[in-house]
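If you read the sequence from its start, that first residue is 1, and numbering goes on from there. Bear in mind the structure is a predicted one, so any value in this text is a computation, not a measurement. In listed order, ligands and their atoms are each counted from 1. Atom set for the values below is all heavy atoms of this structure, side chains included, hydrogens, waters and symmetry mates excluded.
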Amino acid sequence: MRRTIYLDLEGMARLVAEVGLVPMLRTLTDRLRDDYARWEAFQKCPRTANHSPLGVVELMPISDDRLFTFKFVNGHPQNPKAGLPTVMAFGALAEMETGWPLLLSEMTLLTGIRTAATSALAARYMARPDAQSMAMIGNGAQSEFQILAFHHLLGIEEFRLFDIDPAATQKLLRNLGEIPGVRLVRCESTAEAVRGADIVTTSTADKAYATILTPEMIEPGMHLNAIGGDCPGKTELAPQILEKARVVAEYLPQSRIEGEIQQMPESFEALELWQLVRGEAPGRSAPDEVTVFDSVGFSLEDFSALCLVHGEAEKRELGEVLDLMPQDRDVKDLYGLLQSARVTS
Ligand code: NAD
């Protein structure tokens with residue numbers, strides 16, 4: 001019998017607790033590296049996006065020759081006022097050979113983890129090896145995952161925090177205040193947080209051409225991990241920063257629509273992450289170069305994450321088994337399913 005496993009929020013939280021968040025970030029980063037290295041093995045496309053004045057709903061499909069995944073994800077920066085997260089997601093993993101769904105899973109938590117793992121992977125190639133401090137601009141849902149990934153995977157010790165919502169920074173301090181080796185510094189402005197930082201992560205949410213970082217804030221050798229600008233009309237960096245930096249995106253056909261580079265002409269040159277992973281291009285060419293990871297989130301990252309989660313759920317017998325698809329009966333007799341439930345009209 002084929003099985004479809006269902007992991008809800010509680011199931012995912014349990015899985016992360018059993019695996020351990022830091023080991024999961026490490027394993028996923030390695031898996032992302034391996035999947036990015038086999039770039040041509042994937043059938044890929046830019047995600048579809050349906051826009052409303054307040055946000056966007058997106059579908060993100062991808063497959064290799066064995067497995068298919070998709071993620072449903074939204075981006076609604078005003079949602080917290082209505083008691084909902086800005087970003088909510090769920091997704092599925094299926095066999096390519098038969099189409100059978102192996103896993104249906106929550107992905108709001110999983111997106112936080114996979115985005116942080118992807119940021120850490122890119123920073124391994126792009127940040128200066130002696131980087132010790134990071135500014136974290138935007139202290140919302142993604143921020144703790146980013147900080148933990150940069151601390152444990154890159155050895156960053158000092159994090160300089162700023163958010164226009166003081167309660168978000170307070171929440172971050174509450175959640176990560178007691179982690180040995182992590183120094184959290186609350187700042188009064190983006191400029192103060194960024195000053196002297198080796199890495200700057202921008203994770204703000206606003207459906208606007210925002211300029212969270214302006215040219216005068218940028219210092220030689222900084223690595224900018226720009227994750228918040230991820231749909232048309234939603235950016236975080238002044239275009240003048242991009243003009244002078246080495247810019248790396250995940251998948252250019254999608255990033256030219258959604259990323260910081262949507263502000264640049266089509267001829268603007270940027271690299272893709274797989275080129276760094278395969279050693280075909282350096283992530284940084286000099287210690288004083290400014291580097292930008294223009295992250296929007298790519299389906300390959302969700303593929304890696306869902307494969308990892310499916311393996312762990314199977315091994316640990318976590319999640320419910322769903323009766324979602326017909327099997328092991330006369331499958332041409334779809335109508336008979338109704339009769340067995342005594343549906344007569
Ligand atoms: P969130 O709403 O929980 O947090 C965003 C925070 O940004 C809020 O606390 C808000 O007060 C703050 N903010 C808004 N404008 C600001 C400004 N000008 N200066 C400082 N802080 C500001 O959202 P989240 O889930 O943490 O996501 C953050 C962003 O990252 C969103 O835009 C989301 O779409 C994006 N995102 C990208 C990826 C990716 O793969 N690149 C993945 C997940 C989320």
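Near Ile212, the atoms of ligand 1 lying under 4.0 angstrom from a non-hydrogen atom of the residue are 17 (C), 18 (N). The distance from ligand 1 to the heavy atoms of Gly297 drops below 4.0 Å at these ligand atoms: 39 (C), 40 (O), 41 (N). Applying the 4.0 Å criterion to heavy atoms of Ala205 picks out, from ligand 1, the atoms 2 (O), 5 (C), 7 (O), 14 (C), 31 (C), 32 (O). For ligand 1, the atoms closer than 4.0 angstrom to any heavy atom of Asp165 are 11 (O). Taking a cut-off of under 4.0 Å to the non-hydrogen atoms of Val296, the atoms of ligand 1 that pass are 39 (C), 40 (O), 41 (N). Taking every heavy atom of Thr86 and a limit of under 4.0 angstrom, the matching atoms of ligand 1 come to 1 (P), 2 (O), 23 (O). Counting atoms of ligand 1 from 1 in the listed order, those under 4.0 Å from a heavy atom of Ala168 are 9 (O).
Here the heavy atom of the protein found nearest to atom 20 (C) of ligand 1 is Ile164 N, 3.6 Å. Looking only at heavy atoms of the protein, atom 29 (C) of ligand 1 is closest to Thr204 O, 3.3 Å. Atom 4 (O) of ligand 1 has Gly140 CA, 3.3 Å as its closest protein atom, hydrogens excluded (heavy atom only). Nearest non-hydrogen protein atom to atom 42 (C) of ligand 1 is Thr115 OG1, 3.2 Å. When hydrogens are left out, the protein atom nearest atom 5 (C) of ligand 1 is Ser203 O, 3.7 Å; that is the closest non-hydrogen contact.
Contacts between Asp230 and ligand 1, counted as non-hydrogen atom pairs separated by less than 4.0 Å, involve the side chain only. Of the heavy atoms in Ala141, both backbone and side-chain atoms come closer than 4.0 Å to ligand 1. The proximity of Ile227 to ligand 1, defined as any non-hydrogen pair under 4.0 Å, involves the side chain as well as the backbone. Within the 4.0 Å heavy-atom criterion, neither part of His76 lies near ligand 1. Looking at Lys234 against ligand 1, only its side chain comes within 4.0 Å, counting heavy atoms.
Side-chain atoms of Gln146 and Ser203 form no donor-acceptor pair, as typed in the model, at a separation below 3.5 Å. Judged purely by distance below 3.5 Å, without hydrogens or angles, the side chains of Glu158 and Ser133 never pair a donor atom with an acceptor atom. Side-chain contact, Ser304 with Arg31: no donor N or O sits under 3.5 Å from an acceptor N or O.
Of the N or O atoms in Ser295, one or more lie within a sub-3.5 Å distance of an N or O in ligand 1. Taking distance alone, with nitrogen or oxygen atoms compared against 3.5 Å, Thr190 stays at or beyond that limit from ligand 1. Checked against a 3.5 angstrom limit, the closest N/O atoms of Gly228 and ligand 1 fall inside it. Taking any N or O of Arg114, backbone or side chain, at least one lies under 3.5 Å from an N or O belonging to ligand 1.
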Could you list the donor-acceptor pairs under 3.5 angstrom formed by side chains in residues 172-180, with sequence neighbours left out?
| unit_1 | atom_1 | unit_2 | atom_2 | d |
| --- | --- | --- | --- | --- |
| Asn175 | ND2 | Glu144 | OE2 | 2.9 |

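When atom types are taken as modelled, the side chain of Asn139 and the backbone of Leu161 share no donor-acceptor pair closer than 3.5 angstrom. A donor-acceptor pair under 3.5 Å links the side-chain atoms of Thr98 to the main chain of Trp100, judged by distance alone. Side-chain atoms of Arg26 do not come within 3.5 Å of backbone N or O of Leu21 as any donor-acceptor pair. Judged by distance alone, with hydrogens and angles left aside, the side-chain atoms of Arg329 form a donor-acceptor pair with the main-chain N or O of Asp333 at under 3.5 Å. In this structure, the side chain of Gln263 engages the main chain of Leu237 through a donor-acceptor pair within 3.5 Å.
Heavy-atom contacts from other residues, nucleotides or ligands closer than 6.0 Å to CD of Gln43 number 12 or fewer.
For Thr69 against Ser299, the heavy-atom pair with the smallest separation is OG1-O, 4.4 Å.
Taking the charged nitrogens against the carboxylate oxygens, Arg66 and Asp64 have no contact shorter than 4.0 Å, which rules out a salt bridge. Salt-bridge check for Lys71 with Glu58: failed, with every basic side-chain N at 4.0 Å or more from each acidic carboxylate O.
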Residues Phe42, Trp39; criterion ring pair (Phe, Tyr, Trp, His ring centres under 6.0 Å); working and verdict:
CA-CA 6 Å; Phe42 291 94; Trp39 187 242; 7.7 Å; no

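The heavy atom nearest to atom 24 (P) of ligand 1, considering only Glu250, Glu236, Gln142, is found in Gln142.
Within the structure, ligand 1 has Asp163 among the residues with a heavy atom less than 4.0 angstrom away.
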